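All values reported here derive from a predicted model rather than from experimental measurement. We use all heavy atoms of the structure for the numbers below, so side chains are in, but hydrogens, waters and symmetry mates are not.
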Amino acid sequence: MKFVSDPSIPTKIQKMRQRVRWRDPVVLHQGIDQTQLVLEDGKDDNPEFSFLVIGDSGSGAHRGHNPQRQIAEGMLQHRDESRFILHTGDVIYLVGSSEYYLKNFIEPYREFLVGGDRPEKIPFNQMVFNLPFLPVPGNHDYYDLPIVLGMLAKSFSPLSRLLNSKIDFDVGWHGSKQGKAYAQAFLDYLIDLPTDQALLQHLDRHYTATCDQGRCLRYQPKQFTRLPNRYYSFRSGGIDFFALDSNTFNAPSPLPNDEAGRAYRQLLEQRRSEVVAQKEAILQQFSQPRLVQSFPVDHLDDLRTKLEQLEEVERDIDQQLEMRLPPEIDVEQLTWLKQRLIESWHNSEVRGRVLFFHHPPYVTEATKWHQAQTLAVRQRLRQVFTEVAIAVPDRAGRPLVDLVLNGHAHCLEHLRTVDTAMADANINWIVCGGSGYSLRRQRVEGIEIRETLLAEGKVDSLYVAQSQLYIGRTGQGSEKRRPYSFIRIDVQDGCPPRFVVRPYIAERYHGKWHQQELPSFKI
């Protein structure tokens with residue numbers, strides 16, 4: 001039995017459309033763009049500003065040593081100097097359940113919420129932020145839990161009590177309900193409005209800002225802090241920010257039906273058998289209360305993390321093995337991104353562009369760099385960039401976007417694509433996915449990323465990117481190090497803009513927390 005289920009791409013798209021009443025006739029009649037917001041925070045739109053970035057944060061208390069809370073306390077030192085917070089996804093582990101918003105989000109970030117002095121009084125679907133909090137959904141924010149596992153997780157067996165007392169599984173009765181909890185927590189959940197008249201009144205109150213496409217949502221800290229859609233854009237200091245939902249364009253393409261494709265399928269099937277065997281071995285250990293009782297807490301936590309990693313690898317392999325037809329990709333979102341990037345380049349008021357979404361196209365974290373969904377997101381984003389480059393040929397040598405921010409890989413990493421002559425060349429990519437959940441190691445294959453190419457019947461590889469900085473799990477045993485992280489980015493004036501990236505870590509080592517600012521770097 002699989003521990004979690006992931007809804008299909010069409011299901012994710014359909015459910016999210018229903019929740020925000022996407023392209024409802026009442027909305028269309030008012031000339032409203034449901035993919036854009038305007039920050040109305042009372043601050044001047046200064047070309048020099050700062051913002052914070054976190055990701056993959058939604059973990060539990062870890063026996064009182066809450067890494068997410070340590071990161072939040074570090075962020076508080078920069079709250080007054082920052083205009084907003086970006087979150088790169090996976091807000092709630094393990095399965096995006098509404099049950100865990102209080103423990104895994106509201107309590108750790110209470111100072112950023114109105115009424116945060118009494119976090120237990122804040123319903124997860126009525127949060128209001130006093131500093132703009134702008135997330136994108138991660139894969140765990142869409143996951144669901146089979147009902148049988150939910151019952152087992154909440155059972156009162158001695159083993160269940162033992163495990164829950166020693167490690168944080170963060171699994172309740174149910175999952176996200178196909179992303180419903182995330183939508184209720186962060187999106188403007190228009191489906192709850194009972195009538196068209198109620199919808200019209202709501203639009204006339206909160207969608208009165210103006211943008212290039214007409215009316216759009218007013219994001220007002222301390223008053224109304226909902227997002228118009230699962231993907232959206234906004235502008236700050238002359239820079240366009242594009243938030244994407246990569247969960248709906250990360251499905252791998254089907255394997256080719258030739259000798260090479262069949263050989264690769266055999267390798268995948270062999271790898272899957274190995275993964276399943278490793279999972280069963282860990283579960284066998286968990287099924288023995290006396291054995292579990294003898295394990296150190298850190299070892300149990302490592303086993304739990306390993307189990308979750310294996311489950312993720314199995315899902316990625318299953319996607320490749322089961323794909324027979326071209327996947328139903330979110331063409332609408334990718335077309336929107338292409339059109340808005342072209343419009344951004346043609347707007348003289350815009351001096352830069354930043355993208356943020358969950359799945360990283362480039363990464364050297366050991367469990368993510370070679371996954372099919374990593375390569376799928378890379379290829380689909382590159383295709384969008386290629387089409388934009390054709391429409392905007394005169395860029396004076398500038399890359400199509402100035403910065404891409406991602407999560408999903410549990411680390412902090414800075415990468416740069418090299419001059420490949422492809423549309424995603426010479427771009428800075430930052431993976432900020434180490435803000436609370438279990439950290440992971442860098443791959444042993446090195447810092448250079450190469451792409452396999454098939455040309456004229458030959459297999460070749462192309463050097464496409466290189467890691468510049470990696471912060472993640474290192475060491476073994478008592479010398480194991482877990483540096484959790486967030487970043488502050490200072491945007492400088494000028495065109496193209498320059499960014500000063502300031503990494504911060506909170507590391508628990510030898511039983512104590514250590515807060516540290518690492519050397520900043522410019523991109």
Peer 1: Kindly say whether Ser435 contributes a backbone atom to a donor-acceptor pair with the side chain of Ser485 at under 3.5 angstrom?
Peer 2: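 No; judged by distance alone, with no hydrogens or angles, the pair does not exist.
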
Peer 1: Within the 4.5 Å heavy-atom criterion, are Val384 and Val388 side-chain neighbours or not?
Peer 2: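 Result yes, sub-4.5 Å side-chain heavy-atom pair found.
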
Peer 1: Determine whether the aromatic ring centres of residues Phe112 and Phe129 are separated by less than 6.0 angstrom.
Peer 2: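 Ring centroids of Phe129 and Phe112 are no less than 6.0 Å from each other.
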
Peer 1: Show me the pairs that pass salt bridge (Lys or Arg N to Asp or Glu O under 4.0 Å) and involve residues 25-37, at least two apart or across chains.
Peer 2: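 Of all non-adjacent pairs touching residues 25-37, those that pass salt bridge (Lys or Arg N to Asp or Glu O under 4.0 Å) are Asp33-Arg340.
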
Peer 1: Check whether any side-chain N or O of Asp141 sits under 3.5 Å from a backbone N or O of Asp90 as a donor-acceptor pair, and report yes or no.
Peer 2: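 Yes, because the side chain of Asp141 sits within donor-acceptor range (under 3.5 Å) of the backbone of Asp90.
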
Peer 1: List the steps and the verdict of salt bridge (charged side-chain N to carboxylate O under 4.0 Å, His left out) for Arg110 and Glu120.
Peer 2: CA-CA 10 Å; Arg110 51 187 177 269; Glu120 72 282 358; over 6 Å; no

Peer 1: Got Leu145 and His174 here, is their nearest side-chain heavy-atom distance under 4.5 Å?
Peer 2: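 SC-SC contact between Leu145 and His174 ruled out.
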
Peer 1: Considering only NZ, NE, NH1 and NH2 on the basic side and carboxylate oxygens on the acidic side, decide whether Glu311 and Arg315 come within less than 4.0 Å.
Peer 2: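 Looking at Glu311 and Arg315, the cut-off is met.
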
Peer 1: Going by an N to O cut-off under 4.0 Å, is there a salt bridge joining Arg230 and Asp330?
Peer 2: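 Salt bridge present between Arg230 and Asp330.
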
Peer 1: Taking side-chain hydrogen bond (donor to acceptor under 3.5 Å, both in side chains) as the test, write out the residues that go with Lys12, two or more places apart.
Peer 2: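 Applying side-chain hydrogen bond (donor to acceptor under 3.5 Å, both in side chains) to Lys12 gives Asp6.
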
Peer 1: The criterion is side-chain hydrogen bond (donor to acceptor under 3.5 Å, both in side chains); which residues satisfy it with Tyr109, sequence neighbours excluded?
Peer 2: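 With neighbours one apart ignored, the set is Ser57, Gln68.
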
Peer 1: State, with a plain yes or no, whether a side-chain heavy atom of Val431 is found less than 4.5 Å away from one of His408.
Peer 2: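 No, side chains not in contact.
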
Peer 1: Taking the six-membered ring for Trp, are Phe241 and Phe51 ring centroids under 6.0 Å apart?
Peer 2: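 Centroid separation for Phe241 and Phe51: below 6.0 Å.
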
Peer 1: By ring pair (Phe, Tyr, Trp, His ring centres under 6.0 Å), which residues pair with His202, not counting sequence neighbours?
Peer 2: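 His202 satisfies ring pair (Phe, Tyr, Trp, His ring centres under 6.0 Å) with His206, Phe224 once adjacent residues are dropped.
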
Peer 1: Where the side chain of Asp316 meets the backbone of Ala372, is there a donor-acceptor pair that is under 3.5 Å apart?
Peer 2: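 Flag set: sc Asp316 to bb Ala372 pair under 3.5 Å.
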
Peer 1: State, yes or no, whether a side-chain contact exists between Asp240 and Phe234 at a heavy-atom distance under 4.5 Å.
Peer 2: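 Asp240 vs Phe234: side chains apart.
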
Peer 1: Is a salt bridge present between Arg215 and Asp204, judged by a nitrogen-to-oxygen distance below 4.0 Å?
Peer 2: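 Yes, Arg215 and Asp204 are salt-bridged.
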
Peer 1: What do the steps show when you test Gln333 against Thr248 for side-chain hydrogen bond (donor to acceptor under 3.5 Å, both in side chains), and what is the final call?
Peer 2: CA-CA 9 Å; Gln333 181 183 184; Thr248 56; 3.1 Å; yes

Peer 1: Got a salt bridge between Arg226 and Asp188, using NZ or NE/NH1/NH2 to carboxylate O under 4.0 Å?
Peer 2: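 Here Arg226 does not pair with Asp188 in a salt bridge, since their nearest N and O are not under 4.0 Å apart.
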
Peer 1: Are any of the side-chain nitrogens in Asp424 or Arg382 under 4.0 Å away from the carboxylate oxygens of its partner?
Peer 2: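 Yes, Asp424 and Arg382 are salt-bridged.
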
Peer 1: Would you find a donor on one side and an acceptor on the other, under 3.5 Å apart, between the side chain of Thr225 and the backbone of Pro221?
Peer 2: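 No, Thr225 side chain to Pro221 backbone: no donor-acceptor pair under 3.5 Å.
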
Peer 1: Find out whether Ile430 and Ile523 are in side-chain contact, i.e. whether some heavy atom of one side chain is under 4.5 Å from a heavy atom of the other.
Peer 2: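 SC-SC contact between Ile430 and Ile523 confirmed.
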
Peer 1: Where the side chain of Gln373 meets the backbone of Pro252, is there a donor-acceptor pair that is under 3.5 Å apart?
Peer 2: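 Judged by distance alone, no pair lies under 3.5 Å.
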
Peer 1: Determine whether Gln379 and Gln383 satisfy the following criterion, side-chain hydrogen bond (donor to acceptor under 3.5 Å, both in side chains), listing intermediate values before the conclusion.
Peer 2: CA-CA 6 Å; Gln379 294 299 329; Gln383 180 60 40; over 6 Å; no

Peer 1: For the pair Thr88 and Ile54, evaluate side-chain contact (heavy atoms from CB on, under 4.5 Å) and give the outcome as yes or no after the intermediate values.
Peer 2: CA-CA 6 Å; Thr88 60; Ile54 56 174; over 6 Å; no

Peer 1: Determine the sole option in Phe133, Tyr93, Tyr100 for which the ring-ring contact (aromatic ring centres under 6.0 Å, His included) test with Phe105 is passed.
Peer 2: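 So, applying the ring-ring contact (aromatic ring centres under 6.0 Å, His included) to Phe105 and each of Phe133, Tyr93, Tyr100, only Phe133 qualifies.
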
Peer 1: With sequence neighbours excluded, what pairs up with Tyr362 under the ring pair (Phe, Tyr, Trp, His ring centres under 6.0 Å) test?
Peer 2: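 Listed in chain order: Trp429.
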
Peer 1: Check this for me: does any side-chain nitrogen of one of Asp56 and Arg440 sit under 4.0 Å from a carboxylate oxygen of the other?
Peer 2: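 The answer is no: the pair does not qualify as a salt bridge.
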
Peer 1: Are Ser438 and Arg473 close enough that some pair of their side-chain heavy atoms sits under 4.5 Å apart?
Peer 2: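 Of all side-chain heavy-atom pairs linking Arg473 with Ser438, at least one is under 4.5 Å.
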
Peer 1: Please tell me if the side chains of Leu355 and Leu244 come closer than 4.5 Å, counting only heavy atoms from C-beta onward.
Peer 2: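 Counting from C-beta outward, Leu355 and Leu244 do come under 4.5 Å.
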
Peer 1: On a heavy-atom basis, which atom in Val377 and which in Pro361 lie closest, and how many Å separate them?
Peer 2: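 Scanning both residues, the minimum pair turns out to be CG1-CG, 3.9 Å.
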
Peer 1: In chain order, what residues pass the salt bridge (charged side-chain N to carboxylate O under 4.0 Å, His left out) check against Arg380, with sequence neighbours excluded?
Peer 2: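 With neighbours one apart ignored, the set is empty.
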
Peer 1: Looking at residues at least two apart in the chain, or sitting in another chain, which of them share a side-chain hydrogen bond (donor to acceptor under 3.5 Å, both in side chains) with Asn125?
Peer 2: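 Here no residue qualifies.
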
Peer 1: Show me the pairs that pass salt bridge (Lys or Arg N to Asp or Glu O under 4.0 Å) and involve residues 355-374, at least two apart or across chains.
Peer 2: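 Checked against salt bridge (Lys or Arg N to Asp or Glu O under 4.0 Å) - neighbours excluded - the pairs reaching residues 355-374 are Glu312-Lys368, Glu365-Lys368.
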
Peer 1: Apply side-chain contact (heavy atoms from CB on, under 4.5 Å) to residues Tyr232 and Gln36 and explain how you reach the verdict.
Peer 2: CA-CA 5 Å; Tyr232 56 94; Gln36 192 152 338; over 6 Å; no

Peer 1: Would the distance check show the side chain of Asn104 and the main-chain N or O of Tyr101 forming a donor-acceptor pair, the cut-off being under 3.5 Å?
Peer 2: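 Here the side-chain-to-backbone pair does not exist.
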
Peer 1: Quick one: side-chain contact (heavy atoms from CB on, under 4.5 Å) partners of Ser246, sequence neighbours excluded?
Peer 2: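 Listed in chain order: Phe249, Phe357, His358, His359.
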
Peer 1: Taking atom types as modelled, find out whether Gln178 and Thr11 have a side-chain donor-acceptor pair closer than 3.5 angstrom.
Peer 2: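 Note: Gln178 and Thr11 side chains miss the donor-acceptor criterion.
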
Peer 1: Taking the six-membered ring for Trp, are Phe124 and Tyr182 closer than 6.0 Å centroid to centroid?
Peer 2: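 Between Tyr182 and Phe124, which both carry aromatic rings, the centre distance is not below 6.0 Å.
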
Peer 1: Donor-acceptor pair, Trp345 side chain versus Leu400 backbone, under 3.5 Å?
Peer 2: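 It does hold such a pair.
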
Peer 1: If you apply the rule salt bridge (charged side-chain N to carboxylate O under 4.0 Å, His left out), what do you find for Arg21 with Asp192, and how did you get there?
Peer 2: CA-CA 10 Å; Arg21 294 179 68 163; Asp192 274 353; over 6 Å; no

Peer 1: Sort and list the pairs that fulfil ring-ring contact (aromatic ring centres under 6.0 Å, His included) and have at least one residue in residues 309-342, not counting sequence neighbours.
Peer 2: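 Only Tyr231-Trp336 qualify under ring-ring contact (aromatic ring centres under 6.0 Å, His included).
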
Peer 1: Under the ring pair (Phe, Tyr, Trp, His ring centres under 6.0 Å) rule, collect the residues that match up with Tyr219, sequence neighbours excluded.
Peer 2: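 Listed in chain order: nothing, the list is empty.
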
Peer 1: Side chains of Val501 and His414, heavy atoms from C-beta outward: is any pair under 4.5 Å?
Peer 2: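 No, too far: nothing below the 4.5 Å cut-off.
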
Peer 1: Please report, to 0.1 Å, the donor-acceptor pairs under 3.5 Å made by any side chain of residues 75-86, with sequence neighbours excluded.
Peer 2:
{"unit_1": "His78", "atom_1": "ND1", "unit_2": "Arg488", "atom_2": "NH1", "d": "3.2"}
{"unit_1": "Arg79", "atom_1": "NH1", "unit_2": "Glu111", "atom_2": "O", "d": "2.8"}
{"unit_1": "Glu81", "atom_1": "OE1", "unit_2": "Arg488", "atom_2": "NH1", "d": "2.5"}
{"unit_1": "Ser82", "atom_1": "OG", "unit_2": "His78", "atom_2": "O", "d": "2.8"}
{"unit_1": "Arg83", "atom_1": "NE", "unit_2": "Asp41", "atom_2": "OD2", "d": "2.8"}
{"unit_1": "Arg83", "atom_1": "NH1", "unit_2": "Asp45", "atom_2": "OD1", "d": "2.9"}
{"unit_1": "Arg83", "atom_1": "NH1", "unit_2": "Ser236", "atom_2": "OG", "d": "2.9"}
{"unit_1": "Arg83", "atom_1": "NH2", "unit_2": "Asp41", "atom_2": "OD1", "d": "3.3"}

Peer 1: May I ask you to decide if Arg353's main-chain N or O and Asp402's side chain share a donor-acceptor pair within less than 3.5 Å?
Peer 2: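 A pair under 3.5 Å: yes.
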
Peer 1: Does the distance from a Lys or Arg side-chain N to an Asp or Glu carboxylate O, for Arg502 and Asp490, drop under 4.0 Å?
Peer 2: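 Answer for the salt bridge query: yes.
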
Peer 1: Taking Gln213 for its side chain and Ile32 for its backbone only, find out whether a donor-acceptor pair lies under 3.5 Å.
Peer 2: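 Not at all, since once roles are kept as given, no pair shorter than 3.5 Å links the two residues.
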
Peer 1: Strictly distance-based, threshold 3.5 Å: is any side-chain N or O of Asn247 a donor or acceptor partner for the main-chain N or O of Tyr142?
Peer 2: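 Looks like no, no N/O pair under 3.5 Å.
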
